[in-house]
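Only one structure is covered here, and it is reproduced in the block below.
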Amino acid sequence: MLLDTFIPTELAIAPNALGLTCNLKLKTIPIDAQLAFELWSPEAAGKLLPEEAMLLQRDLPRLEEICAKLVWLLGATYMDEEGACAGESISSWQSVTQMLQARGYRVDAIEVTHLPQTICLLDRSEHRTSGWLVQPVRWKFSFLELHPVQRRFEAVAHPISLLVSFGKPLIKSEGAAA
């Protein structure tokens, strides 16, 4: 059965927070010009209330379903803490969950960051003339584990994340400009 939208409405809308969310922010992540989804995101340095941690944990299956759809459609690569991509393209969410389990990572929540298309000047070095780097639209999936800390919780990102990209980066050297 084919759906009329890549991410159905019931998946696109984040669950209702049943109280104040002092340490969570509701983010909207665009997929294309007409499609987006919502997710609750921990504030950078904030500790989470137990209710906020439960909200993130309850929302995990929904976000995994969205992430699985994007990985299936576009493929993904693993990124380490320094941002270096490693390995071949992944096209199955099951491969991602198996890798996380093999490394002993518990995932309580997923953080998604939308990285829009960018055009950046490449630095001139001894071996390369200057040029331009065009980065396509990307989504970074970070895997969070919630740790109890004095009646609150702290969201800690695992050292590996997933990068889903709409195409490959393009490099044009200055000499190739028209």
Looking only at heavy atoms, what is the nearest atom pair of A36 and A12, with distance? O-CB, 3.5 Å
Does any N or O in the side chain of K69 come within less than 3.5 Å of the main-chain N or O of F6, such that one atom is a donor and the other an acceptor? yes
Nearest atoms (heavy-atom pairs only) where H158 meets E145: CE1-OE1, 2.9 Å
Can you check whether N23's main-chain N or O pairs, donor with acceptor, with E52's side chain at less than 3.5 Å? yes
Surrounding NZ of K27 (heavy atoms of other residues, nucleotides or ligands, distance under 6.0 Å), is the total greater than 12? yes
Would I13 and L11 show up in the same hydrophobic cluster when neighbours are defined by side-chain heavy atoms closer than 4.5 Å? no
Least distance between heavy atoms, S95 atom then I90 atom: CB-CG2, 3.9 Å
With side chain to side chain donor-acceptor pair (under 3.5 Å) as the test, would you mind laying out the steps for T118 and Q135 before giving the verdict? CA-CA 5 Å; T118 57; Q135 287 277 15; 5.8 Å; no
For F141 and C67, work out which heavy atoms get closest and say how close. CE1-CB, 3.6 Å
Side chains of I66 and I110: does their closest heavy-atom pair fall under 4.5 Å? no
Heavy-atom pair with the smallest gap, counting every atom of V107 and L100: CG2-CD1, 3.8 Å
Aromatic ring pairing H114/W139, orientation class (parallel under 30°, perpendicular over 60°, tilted between): tilted
Should D108 and F153 be marked as a side-chain contact (heavy atoms from CB on, under 4.5 Å) after you check the CA-CA gap, both sets of side-chain angles, and the distance that decides it? CA-CA 11 Å; D108 296 315; F153 288 85; over 6 Å; no
Just how far is it from atom CG of L74 to atom OG of S91, taken to the nearest 0.5 Å? 11.5 Å
Distance in Å, E51 CD paired with M54 CE, rounded so as to fall on 0.5 Å steps: 7.5 Å
Gap between atom OG of S161 and atom CE of M79 - 0.5 Å precision: 4.0 Å
Can you list the residues that meet the salt bridge (Lys or Arg N to Asp or Glu O under 4.0 Å) rule with R62, with sequence neighbours excluded? D59
Hey, any chance L49 and V156 share a hydrophobic cluster, counting ILVMFWY side chains that come within less than 4.5 Å of each other, even indirectly? no
So, taking the atom named CD in Q117 and the one named CZ in R138, what distance separates them when rounded to the nearest 0.5 Å? 9.0 Å
Answer yes or no: is there a donor N or O on one side and an acceptor on the other, between the side chain of W40 and the main chain of P15, under 3.5 Å? yes
For a 4.5 angstrom cut-off between non-hydrogen side-chain atoms, does L115 reach L163? yes
Quick one: pull up CD1 in I160 and CE in M99 and give me the separation to the nearest 0.5 Å. 4.0 Å
Hey, is CD on Q94 packed in by over 12 heavy atoms from elsewhere, all under 6.0 Å? no
Could you give the distance from CD1 (I31) to CZ (F37), rounded to the nearest 0.5 Å? 5.0 Å
Salt bridge (charged side-chain N to carboxylate O under 4.0 Å, His left out) partners of residues 148-167, not counting sequence neighbours, each pair once: K47-E154
Over all atoms of both residues, closest heavy-atom pair of L162 and A76: CG-CB, 3.7 Å
Going hydrophobic residue to hydrophobic residue with side-chain gaps under 4.5 angstrom, can you get from W72 over to I7? yes
Kindly work out whether a path of hydrophobic side-chain contacts (I/L/V/M/F/W/Y, heavy atoms less than 4.5 Å apart) joins F166 to W93. yes
Are any non-hydrogen side-chain atoms of E111 and L39 less than 4.5 angstrom apart? yes
Is it the case that one hydrophobic cluster holds both L24 and I29, taking links as side-chain heavy atoms less than 4.5 Å apart, direct or via other members? no
